[in-house]
Amino acid sequence: MAQKPSIPKGTRDFSPSEVAKRNYIFSTIRSQFETYGFQPIETPSFENSETLMGKYGDEGDRLIFKILNSGDYLKKVDEAAYQTKDSTKLAVDISEKALRYDLTVPFARYVVQHQNEIEFPFKRYQMQPVWRADRPQKGRFREFYQCDADVVGSDSLWQEVEFVQLYDAVFTALSLEGVTIKINNRKILSGIAEVIGASDKLIDFTVALDKLDKIGEEKVKEEMIGKGISHEGIEKLQPLFSLSGDFGAQISQLQDILSTSEEGKKGIEELQFIEKAIAELGLKTAQLQLDVTLARGLNYYTGAIFEVVAPKGVQMGSIGGGGRYDDLTGIFGLKNMSGVGISFGLDRIYLVLEELGLFPETVTKTLDVLFINFGTDEALYAMKAIKALREQGIHSELYPDTAKMGKQMKHADKRGLPYVVLVGEKEMEQQTFTLKHMKSGEQVSLTLTELIAKFK
RNA sequence: GUGGUUGUAGCUCAGUUGGUUAGAGCGCCUGAUUGUGGUUCAGGAGGUCGUCGGUUCGAGACCGAUCUUCCACCCCA
């Protein structure tokens, strides 16, 4: 065997049926986005390095794909960095561009760059691939699609309420019932950190807290101690570990913990506003759940934090996430522009729908009817009918070669086509078409008008 | 970036302590059936065992490197 060609790890080819299923998810999401008043934009697949670098933390910088400069890229290299093999420093010299890492930062760049053309509040959606130089594993790829909807230029909490509804609407439309929309608030996390005297260690504290589900209370405490959080502080956290009950019950327990923190109280108010509104408006199939251990995107989220997890029993990380960022555009020089948004992980949603068998059968339908080719004269007769069918929007085609009938039938069978049409001498004489239903094997003789009517 | 794991026919996988010509099921092709696919029967094609190197009289099996798969950590959709 000659050397087989291959694709880079973490990337995938998509077959026709996979593309059909992916498009089904795309169009479902798109349709809900538009129903909620979002407008599409697109941004380049690569940005200037300085637009992306430093926006996702050190870990993020490591995972950004950098594009090597064209031409004699070693010429401009800093001699000292070259001699000492300082990769980080060298990277800046040999790479001025990088592949998009998510859609939020390019969006912030877009808003700042086009601020004078945009009417605020601006609601945009974007569905494009992003790239991460991560090590692949289940549901983690190096190239994958995000579907984002964001609003900039509005502080209103009604936006958060709408995003919860939007999540519910999309997953309901995809028949993916029972997803949990987890919600938290950065202000609550800050408040807790403040109460335990660890305001300066907010990130370390929340990263540890986030693992509560996974590694348990003891390990979380160990990690916090390891990060320099005092025993006293952890003592005060105790009620947090045993937080229980519904939304309201958890809130009242939080109120006790956060009674001395202004910021914490503000976070509670915000959560209560959202919860009340959602309780009043109702959700179709999703569930809104308070999760104080939820800590994502802390590099820029300032208010609400969202994460969507697949229904119980499906082993998949989050299938969506989002939150409020009061000052995202600030990093590009535009102050006081609050944003909030959510993201859908298309590739993971695909895996979940596949696992649960939730793709509608019609999604992969390609052709309504195949005409069997009996020879030149018959083919021309068939093509006239096909022309008429296509004008009516009926998906139809002629088997291109005059192969043996068995082979042609087999081809139709393999493609899973519902119907074939047989036209030989007999049919041509009578100006009819023999329509065969593949599943039942039944055959009927029809005129062209009747044939068209059959598929309309 | 760290640790582990996987790779044999198109697909799913066997292959004994290293020993002739590497197997099975499914799929594929041909015919029985030149106006009928999915069932059946008969026959057939297809593998330098991921790649490169090493140990050995002899390697699919042992060793090393590399690529790939999947998993855990980090982080994350």
Side-chain angles (χ1 to χ4, degrees), chain A residues 1-12 25 29 56-64 87-88 100-104 127-148 203-204 206-208 210-211 214-215 219 223 294-299 306-310 315-323 341-352 370 372-375 378 399 402-428 434-443 445:
Chain A
M1 200 188 321
Q3 259 200 342
K4 265 189 194 167
S6 63
I7 53 176
K9 73 172 157 191
T11 65
R12 291 137 318 143
I25 301 175
I29 294 175
Y56 311 98
D58 292 343
E59 193 64 25
D61 283 356
R62 205 194 78 208
L63 297 177
I64 290 173
S87 306
T88 319
R100 178 168 63 213
Y101 178 86
D102 73 356
L103 300 178
T104 308
M127 306 198 292
Q128 290 189 280
V130 301
W131 295 269
R132 295 187 188 177
D134 206 356
R135 201 175 278 204
Q137 47 181 282
K138 185 175 185 185
R140 294 178 81 153
F141 308 100
R142 301 214 287 186
E143 177 182 61
F144 61 97
Y145 272 78
Q146 286 189 333
C147 309
D148 278 27
I203 301 280
D204 286 339
T206 48
V207 164
D210 187 49
K211 294 178 189 163
K214 224 174 192 174
I215 62 178
K219 289 264 168 84
E223 184 166 333
L294 178 61
R296 292 297 151 96
L298 288 171
N299 285 306
F306 297 112
E307 178 170 292
V308 180
V309 296
Q315 284 300 312
M316 183 59 63
S318 59
I319 54 177
I342 59 174
S343 177
F344 292 81
L346 176 109
D347 301 84
R348 287 191 176 177
I349 292 171
Y350 181 103
L351 292 173
V352 171
L370 175 77
I372 302 296
N373 189 333
F374 281 79
E378 291 89 340
Y399 190 92
T402 52
K404 274 187 199 164
M405 191 167 173
K407 189 180 163 88
Q408 299 191 44
M409 292 297 294
K410 203 163 184 169
H411 176 74
D413 191 44
K414 284 275 160 59
R415 286 177 64 180
L417 305 180
Y419 290 98
V420 293
V421 163
L422 309 170
V423 267
E425 267 178 62
K426 231 180 4 191
E427 285 84 354
M428 280 176 69
T434 299
L435 179 72
K436 176 178 172 118
H437 183 67
M438 291 299 281
K439 240 180 211 150
S440 66
E442 268 173 45
Q443 293 185 191
S445 182

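Per chain, numbering begins at 1; letters A, B, ... match sequence-line order. Values in this document were obtained by computation on a predicted structure and should not be read as measured data.
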> Give me, pair by pair, the N or O atoms of the protein and of nucleotides 25-30 of chain B that are less than 3.5 Å apart, along with how far apart they are.
{"from": "C28(B)", "atom 1": "OP1", "to": "Lys414(A)", "atom 2": "NZ", "distance (Å)": "2.2"}

> How far, in whole Å, is U39(B) from A32(B) if one measures between their C1' atoms?
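That atom pair is separated by 14 Å.
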> Expressed as a whole number of angstroms, how long is the span from Ile215(A):CD1 to C75(B):C1'?
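Answer to the nearest Å: 14 Å.
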> Assess whether one donor atom and one acceptor atom, taken from the side chain of Gln408(A) and the base of U36(B), lie less than 3.5 Å apart.
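No pair found.
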> May I have the distance from Glu223(A) (atom CD) to C75(B) (atom C1'), rounded to whole angstrom?
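Those two atoms, CD and C1', are 12 Å apart.
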> In which stems does RNA chain B show up, taking only runs of three or more Watson-Crick or G-U wobble pairs whose two distances fall under 3.5 Å?
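Stems found: B:1-4 with B:70-73, B:10-13 with B:23-26, B:28-32 with B:40-44, B:50-54 with B:62-66.
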> Quick one: the side chain of Asp413(A) and the base of G38(B), do they pair up donor-acceptor inside 3.5 Å?
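A donor-acceptor contact between them is absent.
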> For Asp61(A) and C76(B), what is the distance between atoms CG and P respectively, to the nearest whole Å?
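Between P of C76(B) and CG of Asp61(A): 13 Å.
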> How long is the line joining CE of Met405(A) and P of U34(B), in whole Å?
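The distance from CE of Met405(A) to P of U34(B) comes to 12 Å, rounded to the nearest Å.
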> Here's a test of your reading of the structure: between Arg135(A) and Gly60(A), which maps to the more 5' nucleotide of RNA chain B?
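Its nucleotide being nearer the 5' end, the pick is Arg135(A).
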> Remember a base hit wins even if backbone is also touched, and classify Gly57(A) as base, sugar-phosphate or nothing at under 4.0 Å, heavy atoms.
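No contact at all - Gly57(A) keeps every heavy atom at 4.0 Å or more from the nucleic acid.
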> Touch check for Gln146(A), heavy atoms < 4.0 angstrom, all strands: base, sugar-phosphate only, or nothing?
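Answer is sugar-phosphate: Gln146(A) comes under 4.0 Å of backbone atoms only.
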> Any side-chain donor-acceptor pair under 3.5 Å between Thr402(A) and Asn373(A)?
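Judged by distance alone, the side chains do not pair up.
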> In whole Å, what separates the P atom of C11(B) from that of G58(B)?
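Between the two P atoms, the distance is 33 Å.
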> May I ask you to say what Gly10(A) touches in the nucleic acid, namely base, sugar-phosphate or nothing, with a heavy-atom cut-off under 4.0 Å?
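Sugar-phosphate: the residue Gly10(A), judged by heavy atoms under 4.0 Å, touches backbone atoms but no base.
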> With a 3.5 Å distance limit and no angle check, can you tell me whether Arg132(A) reaches the backbone of Tyr101(A) through a side-chain donor-acceptor pair?
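Side chain of Arg132(A) to backbone of Tyr101(A), a donor-acceptor pair under 3.5 Å: yes, one is there.
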> Hey, does the side chain of Glu378(A) reach the backbone of Met428(A) with a donor-acceptor pair shorter than 3.5 angstrom?
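Answer holds: no.
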> Quantified in whole Å, what is the P atom distance between nucleotide U48(B) and nucleotide U56(B)?
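Going atom to atom, P in each nucleotide, I get 28 Å.
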> What is the distance, to the nearest angstrom, from the CG atom on Leu435(A) to the C1' atom on U36(B)?
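That distance rounds to 14 Å.
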> Need one value for Leu422(A): base, sugar-phosphate or nothing, where a base atom within 4.0 Å counts as base even if backbone is also close, heavy atoms only.
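Base contact.
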> Can you check the distance between U5(B) and G43(B), where both ends of the measurement are the C1' atom (answer in whole Å)?
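It comes out at 42 Å once rounded to the nearest Å.
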> On RNA chain B, compare the nucleotides closest to Gln137(A) and Arg62(A); which residue's is nearer the 5' end?
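The residue closer to the strand's 5' end, by nearest nucleotide, is Arg62(A).
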> Can you check the distance between G37(B) and U33(B), where both ends of the measurement are the C1' atom (answer in whole Å)?
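So the two C1' atoms sit 12 Å from each other.
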> What's the closest nucleotide to the Arg140(A) side chain, out of A77(B), G35(B), G37(B)?
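Between A77(B), G35(B), G37(B), the one nearest the side chain of Arg140(A) would be A77(B).
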> Are A77(B) and Phe344(A) stacked, with the base six-membered ring and the side-chain ring centres under 5.5 Å apart and planes under 30°?
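No, Phe344(A) does not stack on the base of A77(B), since the centre distance and plane angle fail the 5.5 Å and 30° test.
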> Mind checking Tyr145(A) for me? I need base, sugar-phosphate or nothing, with any heavy atom below 4.0 Å counting as a touch.
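The answer is nothing, as Tyr145(A) stays clear of every strand by at least 4.0 Å.
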> For residues Asp102(A) and Val130(A), report the shortest heavy-atom separation together with the two atoms involved.
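Here Asp102(A) and Val130(A) meet closest at CA-CG1, 3.7 Å.
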> Across the strands shown, which category fits Glu425(A) at heavy-atom distances under 4.0 angstrom: base, sugar-phosphate, nothing?
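Answer is base: heavy atoms of Glu425(A) come under 4.0 Å of a base.
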> Starting from P on G37(B), measure out to CD on Gln443(A) and report it in whole angstrom.
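For the pair Gln443(A) CD and G37(B) P, the rounded distance is 11 Å.
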> If you take atom types as modelled and just measure distance, does the side chain of Lys9(A) reach the base of U68(B) with a donor-acceptor pair under 3.5 Å?
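When only heavy-atom distances are counted, Lys9(A) does not reach the base of U68(B) through any donor-acceptor pair under 3.5 Å.
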> Using the P atom as the point on both nucleotides, what is the distance between C74(B) and G3(B), in whole Å?
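One P to the other, the span is 16 Å.
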> Measure the distance from CE on Met409(A) to P on G38(B) and round it to the nearest whole Å.
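About 9 Å, once rounded to whole Å.
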> Between G60(B) and G15(B), how far is it from one C1' atom to the other, in whole Å?
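The answer is 8 Å between these two C1' atoms.
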> Under 4.0 Å, counting only non-hydrogen atoms across every strand here, what does Glu427(A) touch: a base, just sugar-phosphate, or nothing?
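Touches a base.
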> For Arg135(A), does its backbone N or O pair with a side-chain atom of Arg140(A) as donor and acceptor, under 3.5 Å?
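No; judged by distance alone, with no hydrogens or angles, the pair does not exist.
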> Taking the P atom of each, how far is G54(B) from C73(B), in whole Å?
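The same atom, P, in both gives a distance of 40 Å.
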> Using a 3.5 Å distance criterion without hydrogens, assess whether the side chain of Arg142(A) forms a donor-acceptor pair with backbone atoms of Pro136(A).
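No, because the side chain of Arg142(A) does not come within donor-acceptor range (under 3.5 Å) of the backbone of Pro136(A).
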> When rounded to the nearest 0.5 angstrom, what distance separates OG1 in Thr104(A) from OH in Tyr56(A)?
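Thr104(A) OG1 to Tyr56(A) OH: 7.0 Å, rounded to 0.5 Å.
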> Whole Å only: how far is the CZ atom of Arg142(A) from the P atom of G1(B)?
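In whole Å, G1(B) P and Arg142(A) CZ are 9 Å from each other.
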> So Ser318(A), base contact, sugar-phosphate only, or nothing? Heavy-atom distance under 4.0 Å.
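Answer is sugar-phosphate: Ser318(A) comes under 4.0 Å of backbone atoms only.
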> Heavy atoms, side chains only, cut-off 4.5 Å: are Trp131(A) and Arg100(A) in contact?
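Side chain of Trp131(A) against side chain of Arg100(A), heavy atoms only: contact under 4.5 Å found.
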> Is any side-chain heavy atom of Thr11(A) closer than 4.5 Å to one of Phe141(A)?
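In short, these two side chains do not touch, never coming nearer than 4.5 Å.
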> In Å, rounded to the nearest 0.5 Å, how long is the span from OH of Tyr145(A) to CD of Gln128(A)?
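Atom-to-atom, Tyr145(A):OH and Gln128(A):CD are 8.0 Å apart.
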> May I have the list of side-chain donor-acceptor pairs in residues 418-427 of chain A shorter than 3.5 Å, sequence neighbours left out?
{"from": "Glu427(A)", "atom 1": "OE1", "to": "Gly424(A)", "atom 2": "N", "distance (Å)": "3.0"}
{"from": "Glu427(A)", "atom 1": "OE2", "to": "Thr434(A)", "atom 2": "OG1", "distance (Å)": "2.6"}

> Working to the nearest 0.5 angstrom, can you tell me the gap between Glu307(A) CD and Asp210(A) CG?
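Answer rounded to 0.5 Å: 7.0 Å.
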